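A quick write-up on the structure given underneath.
Only heavy atoms go into these numbers, but all of them, side chains included; no hydrogens, no water, no symmetry mates. Quick caveat, the model's predicted, so the values are computed rather than measured. Along the sequence shown, residues carry numbers from 1.
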Amino acid sequence: MGALCSVIRFENLQELKRLCHWGPIIALGVIAICSTMAMIDAVLWYWPLDTTGGSVNFIMLINWTVMILYNYFNAMFIGPGYVPLGWKPEKSQDCMYVQYCKVCQSYKAPRSHHCRKCNRCVMKMDHHCPWINNCCGYQNHASFTLFLLLAPLGCIHASFIFVMTMYTQLYNRISFGWSSVKIDMSAAKRDPLPIIPFGLSAFAASLFALGLALGTTIAVGMLFIIQMKVILRNKTSIESWIEDKAKDRIQYYKTGEIFIFPYDMGSKWKNFKQVFTWSGIPEGDGLEWPVRDVCHQYTLTIEQLKQKADKRVRSVRYRAVEDYSGACCPVTKGVKTFFTTPCTEEPRIALCKGDLILATRGLKHWMYGDKVLDSTTDGTKQLLLIILQEANPCYSFISIV
């Protein structure tokens, strides 16, 4: 029992460590600033104890904050759900249709992907979100999407309060002369005086909070629209990318195949219910999924295997001609390389002169690929398990072999 309690405490401590990351710190900071300033300004603009409207306004403001934090922490601490270690298909012959994860020592279930940050295979992985410092997937997709909906709505309400407070406070401090307009920020021309003084610093704080609220409304609102688009098609962001690559592969090789996404139920309402339920628990077990009549459980995983094989065929072999420390923004590799570094937390691999790289795709000044660790006589190679970034050969950093 003592050992079990120690394990539980350790796991809880590990979950709490998710807060010690720049993403949650910034996100919670924005929520705290906007909520606190909105409550202070609400008292100045629409005192909640005098009228019913003021009371409703203040209660709604608190309600937004509670619901936003509830869904935010749900998305963070409940997590996406992970494929059980050692998992494999019930039928042994089905193992050929799925990929094997050497890190988790198990097969990847349909719709699952390995997350390097979480170091586990995530069920129905959509993406790893730095703002919650966790993956968005099977178990927390609904909470994450609700957070993306509620945050802009709360910010819109807060923005209205900021604007009305600054307007009313400035209006009460403006005096008009024959040839001038004066604004006295020391005190309002009204009786009784406000409970919370509104000076120049309060005005600056309100203006800053308004900027944060408007920026959050636009940025998070766009993310919500993107998430709803994939949810209504019963996809994830990764699966949308896989579907696009499937079309490119078929068109490139002119195979005549027709790829049908297997998890689209043909109805937006049915797709919606795959994520959002009244109980808050998503349908299914995260390992097996309802599919269309013309498809089967491994339709998507087979397409992934085809794309993996195609990636190996299309990869180009390079050799490093300079050492590279693996710095995120290499100063010594050219100005353009420095300023066009990919906006991702994926690590850059350190290279020594003479190292071999298999590049699978690239941007203008960066390339995605696998480092060749070893070459055997039959031509097979042991590759890194994760995708890494290397610099473009146009800067004499690597050369084509």
* To do: Before giving the answer on side-chain contact (heavy atoms from CB on, under 4.5 Å), spell out for Met96 and Thr301 the whole-Å C-alpha distance, their side-chain angles and the decisive distance to 0.1 Å.
  => CA-CA 10 Å; Met96 64 183 293; Thr301 58; over 6 Å; no
* Please say which of Ile31, Leu153, Ile59 ends up in a side-chain contact (heavy atoms from CB on, under 4.5 Å) with Trp64. =>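 Result: among Ile31, Leu153, Ile59, Leu153 is the only option passing the side-chain contact (heavy atoms from CB on, under 4.5 Å) with Trp64.
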Exercise answer: donor-acceptor pairs, residues 81-93 side-chain atoms, under 3.5 Å, sequence neighbours excluded:
none

* Asked: Who passes side chain to side chain contact (heavy atoms under 4.5 Å, CB included) against Asp244, sequence neighbours left out?
  ->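 With sequence neighbours excluded, Asp244 shows a side chain to side chain contact (heavy atoms under 4.5 Å, CB included) to no residue whatsoever.
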* Asked: Would you call the rings of Phe147 and Phe144 parallel, tilted or perpendicular if under 30° counts as parallel and over 60° as perpendicular?
  ->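 The rings of Phe147 and Phe144 sit tilted, inter-plane angle from 30° to 60°.
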Using a strict cut-off of less than 4.0 Å between a Lys/Arg side-chain nitrogen and an Asp/Glu carboxylate oxygen, indicate whether [X] and [Y] qualify as a salt bridge.
X      : Y      : result
Lys235 : Asp264 : no
Lys273 : Glu283 : no
Glu322 : Lys353 : no
Lys306 : Asp310 : no
Lys124 : Glu239 : no

* To do: Test the Arg111-Tyr138 pair against the cation-pi criterion, namely NZ or CZ under 6.0 angstrom from the six-membered ring centroid and within 45° of the ring axis.
  =>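 Negative - Arg111 is either too far from the ring of Tyr138 or too far off its axis.
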* Kindly confirm or rule out a cation-pi arrangement of Arg314 over Tyr252, judged by NZ or CZ under 6.0 Å from the six-membered ring centre and within 45° of its axis? =>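 Satisfied, under 6.0 Å and within 45°.
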Donor-acceptor contacts under 3.5 Å from residues 213-228 side chains, at least two apart:
{"from": "Thr216", "atom 1": "OG1", "to": "Leu212", "atom 2": "O", "distance (Å)": "2.8"}
{"from": "Thr217", "atom 1": "OG1", "to": "Ala213", "atom 2": "O", "distance (Å)": "2.7"}
{"from": "Gln227", "atom 1": "OE1", "to": "His141", "atom 2": "NE2", "distance (Å)": "2.7"}
{"from": "Gln227", "atom 1": "NE2", "to": "Asp126", "atom 2": "OD2", "distance (Å)": "3.1"}

Roughly how far, to the nearest 0.5 Å, is the [atom2] atom of [Y] from the [atom1] atom of [X]?
X      : Y      : atom1 : atom2 : value
Tyr72  : Phe77  : OH    : CZ    : 8.5 Å
Cys352 : Lys371 : SG    : NZ    : 6.0 Å
Cys104 : His114 : SG    : NE2   : 5.0 Å

* Identify the two heavy atoms, one from Ile132 and one from Pro24, that lie closest to each other, and give their separation to 0.1 Å. =>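 Shortest heavy-atom contact: C-CG, 4.3 Å.
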* Asked: Which heavy atom in Lys108 sits nearest to a heavy atom in Ser112, and how many Å separate them?
  ->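 The pair with the smallest heavy-atom distance is C-OG, 3.4 Å.
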* To do: For the pair Asn119 (side chain) and Arg116 (backbone), establish whether a donor and an acceptor sit closer than 3.5 Å, ignoring hydrogens and angles.
  =>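 Not confirmed, Asn119 side chain does not pair with Arg116 backbone.
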